[in-house]
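Working notes, structure below.
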Amino acid sequence: MRQVELRYNPAQIDRKWQERWERDGLYRVSDEGPRPKWYELTMYPYPSGDLHIGHWYSLAPSDCHARFRRMQGYNVLHPMGFDAFGLPAENAAIKRGIHPYRWTMDNIDNMRRQLRTIGAIYDWSREIVCCLPEYYKWNQWLFLQLYKAGLAYRTRFPAVWCPSCQTVLANEQVINGRCERCDTPITRRELDQWFLRITRYAEELLDFSGLMDWPQRIITMQRNWIGRSEGVEVGFDISHYGLDEREIRVFTTRIDTIFGVTFMVLAPEHPLVARLTAPERRQEVEAYVEATRRESEIERLSTDKEKRGVNIGAYCVNRLSGEKVPIFIADYVLLWYGSGAVMGVPAHDQRDFEFARRYGIPIRVVISPPDWNGEELKEACVEEGLMVNSGPFNGLPSERGKDTVADHVEEHGWGRRAVTYHLRDWLISRQRYWGTPIPIIFCDRCGPIPVPEEQLPVLLPEDTEFKPTGESPLARHPVFPHTICPQCGGQARRETDTMDTFFDSSWYFLRYTSPSHSEGPWDPTVAGKWCPVDQYTGGAEHAVMHLLYARFFTKALRDLGLVTFGEPFLRLYNQGTILSGGAKMSKSRGNVATPDDYVRVFGADVVRCYLMFLGPWEQGGEWSDSGINGAARWLNRVWEIYSKPHPELPKRSELDDNYAKTDELLRRELHRKVKQVENDLDKFKFNTAIAALMTYTNALPSALDARAVSKETWDEIVNVFLRLLAPISPHLSEEMWEKNGLPYSVHSQPFPKWDEGLVTAETVTLVVQVDGKVRDRLQVSVGINEQEAKRLALESARVKQHTGERTVVDLIYVPGKLVNVVTKR
RNA sequence: GCCGAAGUGGCGGAAUGGUAGACGCGACGGUCUCAAAAACCGUUGGGGGCGACCCCAUGCCGGUUCGAAUCCGGCCUUCGGCACCA
């Protein structure tokens, strides 16, 4: 894999400095100190067993950025830990007979070792592992605070079910109707479940103004996911059946079309279905409900499927028109949106149109389409228009009609304006073992009772059979479920479901600030100093899961008085994915590059450099063995040039004029590079920062060979260059820093500053165009004035050649850059 | 279907209204070597010309501008997200 012969021993240098930094506690972070704080967090890894290139790709550049901030003078917290609860541990346990705890902790040991080889500034004394009771105790404590605040509740609901993972999931964990983890098509299952009331924060979650710099793409995804829509909730009368429910409530965004309602559709799961169904339709209705239940979500929601349903033989009354409206059930209506019922307006909604056509339901136009003369519609008309066939509202433009009809409905008490969201409450129950037990006790007499805080943590028992059965493995534990009611002292049983692991990651950034605090989930004083996170980095796949949950949590914690801020992550940067053979690396594809192998032969810095150089970080890119050789070749050359002192170089005063000019140019160029590298690193543009350092290095050997560099300049070059290189290549830069006799450590040095006077060139290339095409380039002094520049341009022989006989009609001047000679054509 | 991002040499990419292709990879030629590797030097978008140079070229078509990879409009392709949301 390696073709480059390195002139240094990477393994030795890596080890030497990693041990030294560790011994000196160089990266130990203090909560105190005069420097401004900077909390730079990268999403913590799941301890899957081995660190792969994808981990390096997300971790090494973020370490580089954190190191850069550190050198800029910030007190930087850049912690690391493990997202240690979750299904793979259980699956491994089932497959290989290892306990999930053992499997997870062994993996963590291995990954911790591998993580150290990156040479990052992680302060390991702050590590967190969220499957340990010290951590999940606080999951339980936080759950209880949410419960007491009414933000956690339990209800029976047809929840998303993954038949393979044998557990319910949150809506956010469904990707195209499939389980986010195992890609199995999901179904629904009605169970008693714990939910967090994220919908209470829907409106606030749509407000992104508290963020400083998030990718627009993620904001848009969250906005779409929350999916706000405004409309009217209106009741259709069913009091003629003498039930407790006197109406069917529907949500509509088109209240202006209510006179066009010719049928009503309930979701098959709607609680009124059983009560309203006419006896002669019962059999057919039950068969349909059962068939819907068996369908996978993908089948049910397939848009190209024909709309089918069943008339349940009942009717409701449209209070505005007084008309009787027949009631159907159909699987395209979802119980979990709006009120689980839809008013059918076939003329103005394509789905309703298709349904009505199939069942011969009248299609009544109530919004006149443009240039419509009463003929039958070929498809639903969803455009605006004038209201017709709408009693007192005839002639109103539909847009105005929305308000007028809504007022009318509200005045009569038939309904009210309402806002509905696509976002639903976060289902956190899981019927699996390897997670945080939900700290609730069920007592037949007292109902659900929170576990008293002094009894926390509710420990996850070790001796459990954890095969998934659709019920939590804890339920069959001989001891765990049985307990005493904390309120009445009677026999009671524990909640046996565990928490979604996204619960853990919703607040872990707080725990890093005080990881061993035992009085609470975090030390409020310390957390208050560090939080919120200034810069967060990680993959975009968490847009509507982790990132949305953490925002919700933070707002809820703020309202509980536990934190003082409302947004957890002020700036967000999403790196791309590293590919191999054009595909995501995976064991099953057999295209996994193992970082350990590359680190062994190239050293950490070459791997870091390559990953940062291969393209813009946000785009990801292709892993390539020849590419990494390029990085090795470059660092090798860097080593050749900067690792040894050059005592033979002349003093600046001894240089002859020609060489003095080169010397000066090298200094100027150096300062330009400082400016560029600082700007690039600030914006995560590692690839162009490295390219700048490469360009600079390429210019040195010839100058050195010719001894056209003074000792003074050379000392400055080495000193500045190694500091620019330090965040990118921490081990080699430290080694070279030492070899040049500079005081330990390069990583404790400030990031170089540039001299603006040197950055500004003395001469510039004046580009001369004729009619927009470059015809000449002139070296002119930087202070050249407009008149002089134009004169030089017109005098240029090449310009004359191209203007020929034509008249010059205009001269465009861009100061210090360009003259465009415009001719009459 | 809707929303969003992207499209530049053989390849990864640079340039965000002013020198298109920085930097790197690969390839080719050379130096060194018995030979190879490494290293070093050179060439490397296409076409034309002996040459100085010239023409063409940033997915396609049009527009704005003295000047467009960059801004605007339309289209094509790829990727991502959402998708019977009432």
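A note on names: the letters A, B, ... follow the listed sequences, proteins ahead of strands, and every chain is numbered from 1.
- As judged by a 4.0 angstrom heavy-atom cut-off over every strand, Gly227(A) is placed among residues making no nucleic acid contact.
- Here Gln350(A) lies out of heavy-atom contact (under 4.0 Å) with every strand.
- Taking syn as a glycosidic angle within 90° of 0, G9(B) qualifies as syn.
- C11(B) and G46(B) have their P atoms separated by 12 Å, with the value rounded to a whole Å.
- Across the protein-nucleic acid pair, Arg637(A) atom CZ and A38(B) atom C1' stand 13 Å apart, rounded to whole Å.
- U44(B) and A22(B) have their C1' atoms separated by 16 Å, with the value rounded to a whole Å.
- Between the side chain of Asn224(A) and the base of C82(B) there is no donor-acceptor pair of N/O atoms closer than 3.5 Å.
- Residues Asp213(A) and Lys683(A) are not paired through a salt bridge, judged by the lack of any N-O separation under 4.0 Å between the basic side chain and the carboxylate.
- Across all strands, Asn687(A) comes closer than 4.0 Å only to sugar-phosphate atoms, never to a base (heavy-atom distances).
- One N or O on the side chain of Asp771(A) and one on the backbone of Thr823(A) form a donor-acceptor pair closer than 3.5 Å.
- Straight-line distance from the CD1 atom of Ile690(A) to the C1' atom of G12(B): 14 Å, rounded to whole Å.
- Here the side chain of Glu233(A) pairs no donor or acceptor atom with the backbone of Gly415(A) at under 3.5 angstrom.
- Across all strands, Val774(A) comes closer than 4.0 Å only to sugar-phosphate atoms, never to a base (heavy-atom distances).
- Separating the P atom of A68(B) from that of C56(B) is a span of 12 Å, rounded to the nearest Å.
- Taking the six-membered ring for Trp and thresholds of 30 and 60 degrees, Trp617(A) and Tyr573(A) have nearly parallel ring planes, at less than 30 degrees apart.
- For the pair Asp349(A) and Ile175(A), nearest-nucleotide mapping onto RNA chain B gives the more 5' position to Ile175(A).
- Across all strands shown, Arg351(A) has heavy atoms under 4.0 Å from base atoms, whether or not it also approaches the sugar-phosphate.
- For Asn176(A), whose side chain is taken as the heavy atoms from C-beta onward, the closest listed nucleotide among G24(B), C3(B), C82(B) is C82(B).
- Taking atom P in both C76(B) and A69(B), one finds a spacing of 23 Å when rounded to whole Å.
- Annotation: G26(B) and U77(B) have their C1' atoms spaced 27 Å apart (nearest Å).
- Distances from the side chain of Val342(A) to the nucleotides G13(B), C23(B), A86(B) place A86(B) closest.
- Val250(A) comes within contact range of no nucleotide atom at all, as no heavy-atom separation falls under 4.0 Å.
- Contact of Arg633(A) with C25(B) (side chain to base): no donor-acceptor pair of N or O atoms is detected under 3.5 Å.
- Note on Arg775(A): only backbone sugar-phosphate atoms sit closer than 4.0 angstrom, heavy atoms only; bases stay farther off.
- Arg798(A) comes within 4.0 angstrom of sugar-phosphate atoms only, judged by non-hydrogen atoms across all strands, and of no base.
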(request) For RNA chain B, just give me the dot-bracket, please: Watson-Crick or G-U, both distances below 3.5 Å, ( ) intra-strand, [ ] crossing earlier pairs, | paired with another strand, . unpaired. (result) (((((((..(((.....[....)))((((((.......))))))((((....))))..(((((..]....))))))))))))....
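- In this structure, Trp225(A) and His422(A) have perpendicular ring planes: the angle between them is above 60°, well past the 30° mark.
- At a threshold of 4.0 angstrom between heavy atoms, the contacts of Ser624(A) with the nucleic acid are absent.
- A salt bridge links Arg791(A) with Glu788(A); the closest basic N to acidic carboxylate O contact falls under 4.0 Å.
- In this structure a side-chain-to-backbone donor-acceptor pair under 3.5 Å is present from Ser339(A) to Arg249(A).
- In this pair, Phe328(A) and Phe355(A) present their aromatic rings perpendicular. The plane angle is above 60°, beyond the 30 to 60° band.
- For U16(B) and C84(B), the P atoms lie 42 Å apart once the distance is rounded to whole Å.
- Nucleotides G24(B) and C40(B), compared at atom P, are 11 Å apart to the nearest Å.
- Among the protein residues, Asn629(A) comes within range of no part of the nucleic acid, since none of its heavy atoms lies under 4.0 Å from any strand.
- Of the candidates A39(B), C84(B), C85(B), the closest approach to any side-chain atom of Val4(A) belongs to A39(B).
- Base engagement by Gln769(A) is indicated by at least one non-hydrogen atom pair under 4.0 Å involving a base atom.
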